[in-house]
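Take a look at the structure below.
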2 protein chains.
Amino acid sequence: MAPETPFPGDPDDSREAIMRATYCALKRYGYAGLSIQRIADEADLSKSTFYHHYDDKRDLLTSFVDFILEEFTRVFSLEAGDDPETNLRTFVRLILDPTTAQKISEDSPTTTVLGTYVELRAQAVQDEAIREKFTEVDRGFEQQIADIVAEGVDAGVFRDVDPEQTATFVSTLVAGQTFRQSTRDDDPSAAVLAAFDDYVQESLLRTDA
Amino acid sequence: MAPETPFPGDPDDSREAIMRATYCALKRYGYAGLSIQRIADEADLSKSTFYHHYDDKRDLLTSFVDFILEEFTRVFSLEAGDDPETNLRTFVRLILDPTTAQKISEDSPTTTVLGTYVELRAQAVQDEAIREKFTEVDRGFEQQIADIVAEGVDAGVFRDVDPEQTATFVSTLVAGQTFRQSTRDDDPSAAVLAAFDDYVQESLLRTDA
């Protein structure tokens with residue numbers, strides 16, 4: 001296990017090496033302090049290598065968002081099993097459980113990956129290209145949740161709910177907690193997770209089975 | 001009705017005049033383009049009047065967040081009745097219903113008050129004073145929801161849920177939708193509101209009454 005990043009093994013290619021360096025630079029300097037030079041230093045690569053792959057810092061960061069989503073999907077696929085109920089809870093906990101979040105952000109509470117995500121995503125209010133990217137990211141994320149819910153409905157574990165609507169609801173909750181925990185002094189995630197468990201119990205699980 | 005702002009009547013004092021001018025300047029220029037000079041121009045006041053009341057732009061904006069919360073509480077108190085179920089739905093819709101949001105942001109989709117809120121709140125990732133302010137704002141907001149839920153539990157309309165935990169859940173959902181709708185191309189609020197209604201029905205309302 002590399003102690004520097006949560007990514008196992010060696011990077012497969014220069015894109016992955018750059019993405020890992022971006023992760024390390026974000027962790028060290030935060031969003032405001034991030035520069036191509038600092039990422040290049042982390043990766044021991046030249047700035048020209050970066051500009052071969054990416055137009056600018058914004059282009060690199062939107063690609064980083066894709067990379068994090070791919071990593072999340074990879075980790076989730078390792079954890080996922082046959083039970084839709086467990087899968088849904090695991091999916092949400094991989095993002096919201098504070099012990100998982102702490103693993104990522106042990107160095108500094110203000111330069112976490114979640115915080116960076118919030119800072120980058122807030123640029124979407126004014127920036128059309130970033131808005132387009134996060135719309136796409138959200139949809140990929142929601143599709144994964146909708147698939148889990150649809151599987152649960154088909155298996156008779158969940159009620160006959162609308163998978164897309166349920167996925168939108170759960171995604172919104174996850175986005176809200178991400179937004180809030182990066183911008184508050186405290187961390188209300190325990191209450192959110194407990195309430196989410198109640199929601200699954202009361203609103204999703206079939207009780208007549 | 002003043003056509004310029006959603007605030008009825010004339011401002012009571014210079015603080016309220018400044019807050020209204022801040023609202024208009026945000027609507028016109030967005031967060032990035034906001035300056036004390038522009039707010040002063042909107043309010044027809046001198047910059048020195050501003051610095052009599054506020055230390056800097058950040059101080060003014062955190063005060064603006066308080067003002068918006070007060071306005072929200074005022075509007076909600078006008079709409080609220082005796083029925084906790086209706087009150088909870090009204091509270092959430094006052095923020096999330098797209099027709100209400102459009103009323104505020106008819107001029108430009110990128111300079112909405114919700115978008116400004118997201119941009120300002122994202123500063124909290126790096127800024128301790130802003131983080132403290134939003135923690136306080138969240139708590140005031142959650143307390144209002146907890147009071148409605150507690151009233152519903154007492155009246156036997158809602159199940160014997162924990163009002164604080166329920167308030168955290170609902171606040172997180174509202175924060176998530178605010179964050180998402182300001183940073184996406186589309187607006188998934190219809191699906192979120194439909195899912196919220198199902199949540200109230202399935203998880204909150206007593207069915208054995």
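Each chain gets a letter, A, B and so on, in the order the sequences are listed, and its residues count up from 1. This structure is a prediction, so every number in the text was calculated from the model and none was measured.
B/S171 touches chain A through backbone and side chain together, each having a heavy atom under 4.5 Å away.
Among residues at least two apart or in separate chains, salt bridge (Lys or Arg N to Asp or Glu O under 4.0 Å) pairs with a member in residues 76-86 of chain A are A/E85-A/R89. For the side chain to side chain donor-acceptor pair (under 3.5 Å) condition, the pairs that include at least one residue of residues 148-159 of chain B, sequence neighbours left out, are A/E202-B/R159.
If you tally non-hydrogen atom pairs under 4.5 Å between each of B/A194, B/A195, B/A175 and chain A, the highest count goes to B/A195. Ranked by heavy-atom pairs under 4.5 Å with chain B, the first of A/F134, A/Y199, A/F196, A/F169 is A/F169. When each of A/K133, A/E142, A/E128 is scored by its heavy-atom pairs under 4.5 Å with chain B, the top score falls to A/E142. Ranked by heavy-atom pairs shorter than 4.5 Å toward chain A, the options B/T168, B/T172, B/V161 are led by B/T172.
The aromatic ring centroids of B/F67 and B/F72 lie 6.0 Å or more from each other.
The local environment of CG in B/D186 is crowded, with over 12 non-hydrogen atoms from other residues, nucleotides or ligands closer than 6.0 Å.
A salt bridge links A/R58 and A/D127; the closest N-O separation between the charged side-chain nitrogens and carboxylate oxygens is under 4.0 Å.
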